[in-house]
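Working notes for the structure below.
Throughout, numbering of the chain's residues begins at 1 and tracks the sequence.
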Amino acid sequence: MKGLAGRHWPVPEWHFARIETEMASPEPKDQMMAVVARMPAEEAPDLGEIDWDAVLAEYRDLEFPKYYLQPFHSVPGGYLSESAALGDRQAMQAIYAEAHPRKCLGIREELAALVPATAREVVDLGGGTGDGGAAVARLRPDARVRAIDASPFMVEVGRRQNGDVPNLEITQGFAEKTGIEDESVDAVTMTLVLHECPDAAKREIGREAVRILRPGGTLVLTDVPNDDLHRYRGFFEPYKEPWLAFDFDRYLLDLGLVDPRPADVAERLWTRVAVKP
């Protein structure tokens, strides 16, 4: 499917039906309501007025895979919407308000420190609005950091809110098909990406990460624990059931990576650092 969501193409009716079904589920929604209550207190980046029609005309009209066209987190249009992109940092800060003194931005700094100091080419797959890539780029000023995300809304907001980081590039593309040369990257990061994907896409993204890594290169993989998605009922998570069976270490070993070691970064996050032999 091609095209862009929000007011730029009609959001499918089934999005609203899926969101309504999620909200009608009988499970407690305390975690979701706590995040919603905290979001207004979080500072939103000052991005100025965005003429989305003009901006989006500059982006490629990609063929988005079906798994990507979901109303993630109960946002009509999902990641292909203005609201998801404009509220991304506020939402992440609200979700991890108690996990770090600087909330999610602080967690991203802790994760950035796991990228080897010797890395000169770093790629952040599924980079969203670029805060993760920006943290790496600030900590590793001698590195070229590329954050790749499929959503032009996310890419545009990321370029505006992290435009002060000279060694950061935020580009539109798919994590499973980056177009980057074989074995040309020193480190790959993936943060809160895989739980949003069906199993087949998880494997494709992992294989792509390994393909672009140089021998000796590092993968930093971070995501939520298996049962975490069920704690946020009310925020629609289309792949929460297969996530219950996801095994971080098995995933990395099946990709051919070695020495997957845990990193204790924050509560309610699992992080593994592995190396391509």
Side-chain angles (χ1 to χ4, degrees), residues 1-6 8-36 39 62-88 91-92 94-96 104 125-129 132 148-155 172-177 190-208 221-248 251 268-270:
M1 180 176 181
K2 291 186 178 182
L4 302 172
H8 309 284
W9 60 266
V11 175
E13 285 298 322
W14 68 267
H15 273 212
F16 298 101
R18 191 64 55 82
I19 293 167
E20 184 176 347
T21 299
E22 175 67 23
M23 287 302 298
S25 64
E27 290 88 352
K29 300 176 180 63
D30 298 350
Q31 293 290 338
M32 181 201 75
M33 297 309 298
V35 172
V36 171
M39 277 187 66
L62 300 178
E63 187 78 38
F64 296 101
K66 287 181 66 175
Y67 81 82
Y68 195 80
L69 302 174
Q70 298 276 352
F72 291 98
H73 311 142
S74 296
V75 176
Y79 287 122
L80 295 175
S81 66
E82 300 166 29
S83 57
L86 291 170
D88 180 68
M92 296 305 297
I95 290 170
Y96 293 103
C104 189
L125 295 178
T129 57
I148 299 174
D149 199 272
S151 169
F153 296 94
M154 293 286 182
V155 171
Q172 185 189 18
F174 292 121
E176 54 264 65
K177 193 173 183 180
M190 285 193 283
T191 305
L192 301 173
V193 173
L194 293 185
H195 78 267
E196 306 282 40
C197 305
D199 289 343
K202 291 183 184 72
R203 291 190 291 270
E204 287 185 52
I205 292 169
R207 286 193 290 263
E208 180 70 354
L221 174 64
T222 300
D223 222 306
V224 297
N226 298 99
D227 63 348
D228 201 63
L229 303 182
H230 287 73
R231 299 174 68 243
Y232 285 89
R233 291 309 303 261
F235 288 146
F236 177 62
E237 291 283 0
Y239 307 110
K240 64 179 180 288
E241 295 306 325
W243 189 249
L244 287 171
F246 183 74
D247 185 325
F248 271 66
Y251 176 79
R268 293 193 4 257
L269 281 178
W270 283 353

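Here the closest non-hydrogen pair linking Tyr79 and Ala84 is CA-CB, 4.3 Å. Of all heavy-atom pairs spanning Tyr96 and Arg268, the tightest one is CE2-NH2, 4.2 Å. The minimum heavy-atom distance linking Tyr251 with Ile205 is given by the pair OH-C, 4.3 Å. Nearest heavy atoms, Ser83 versus Val75: OG-CG1, 3.3 Å. Considering all non-hydrogen atoms of both residues, Gly234 and Glu22 come closest at N-OE2, 2.7 Å. For the pair Pro152 and Leu80, the tightest heavy-atom approach, listed with the atom from each and the gap, is CD-CD2, 4.0 Å.
Within the 4.5 Å cutoff, no side-chain heavy atoms of Arg233 are placed close to those of Met32. The shortest distance between side-chain heavy atoms of Tyr67 and Pro238 does not fall below 4.5 Å. Between His230 and Glu241, some side-chain heavy-atom pair lies under the 4.5 Å cut-off. No side-chain heavy atom of Met92 sits less than 4.5 Å from a side-chain heavy atom of Thr129. You'll find the side chain of Leu221 stays beyond 4.5 Å of the side chain of Val193, heavy atoms only. The shortest side-chain heavy-atom distance between Trp14 and Pro71 falls under the 4.5 Å cut-off.
With values rounded to the nearest 0.5 angstrom, Ile148 atom CD1 is found 16.0 Å from Met154 atom CE. Atoms CG and SG, on Asp223 and Cys197 in that order, are 9.0 Å from each other to the nearest 0.5 Å. One distance of note links CG of Leu194 with CZ of Phe246; it measures 5.0 Å at 0.5 Å rounding. To the nearest 0.5 Å, atoms CD (Glu63) and CZ (Phe174) are separated by 8.0 Å. Distance check: Glu176 CD to Arg207 CZ gives 10.5 Å after rounding to the nearest 0.5 Å. To the nearest 0.5 Å, the span separating CE on Met39 from CD1 on Ile95 amounts to 8.5 Å.
Between Trp270 and Phe248, the two ring planes are perpendicular [angle over 60°; tilted spans 30° to 60°].
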Under the criterion side chain to side chain contact (heavy atoms under 4.5 Å, CB included), I'd like the reasoning laid out for Val36 against Phe235: C-alpha separation, chi angles, the key distance, then a yes or no. CA-CA 10 Å; Val36 171; Phe235 288 146; 4.1 Å; yes
Apply side chain to side chain contact (heavy atoms under 4.5 Å, CB included) to residues Lys240 and Val224 and explain how you reach the verdict. CA-CA 11 Å; Lys240 64 179 180 288; Val224 297; over 6 Å; no
Could you go through the side chain to side chain contact (heavy atoms under 4.5 Å, CB included) check for Tyr232 and Val35 one step at a time? CA-CA 9 Å; Tyr232 285 89; Val35 172; 3.9 Å; yes
Give the C-alpha distance, both sets of side-chain angles, the deciding distance and a yes or no for side chain to side chain contact (heavy atoms under 4.5 Å, CB included) between Glu196 and Trp243. CA-CA 9 Å; Glu196 306 282 40; Trp243 189 249; over 6 Å; no
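For Lys177 and Glu208, the salt-bridge test fails: no basic side-chain N is under 4.0 Å from an acidic carboxylate O.
Residues satisfying the ring pair (Phe, Tyr, Trp, His ring centres under 6.0 Å) test with Tyr239, not counting sequence neighbours, are none. Under the rule for a salt bridge (Lys or Arg N to Asp or Glu O under 4.0 Å), the partners of Arg231 that lie at least two apart in sequence or sit in another chain are Asp228.
Remark: Glu27 CD is packed, more than 12 non-hydrogen atoms of other residues, nucleotides or ligands lying under 6.0 Å away.
Formation of a donor-acceptor pair under 3.5 Å by the His15 side chain with backbone atoms of Pro76 is not found in this model.
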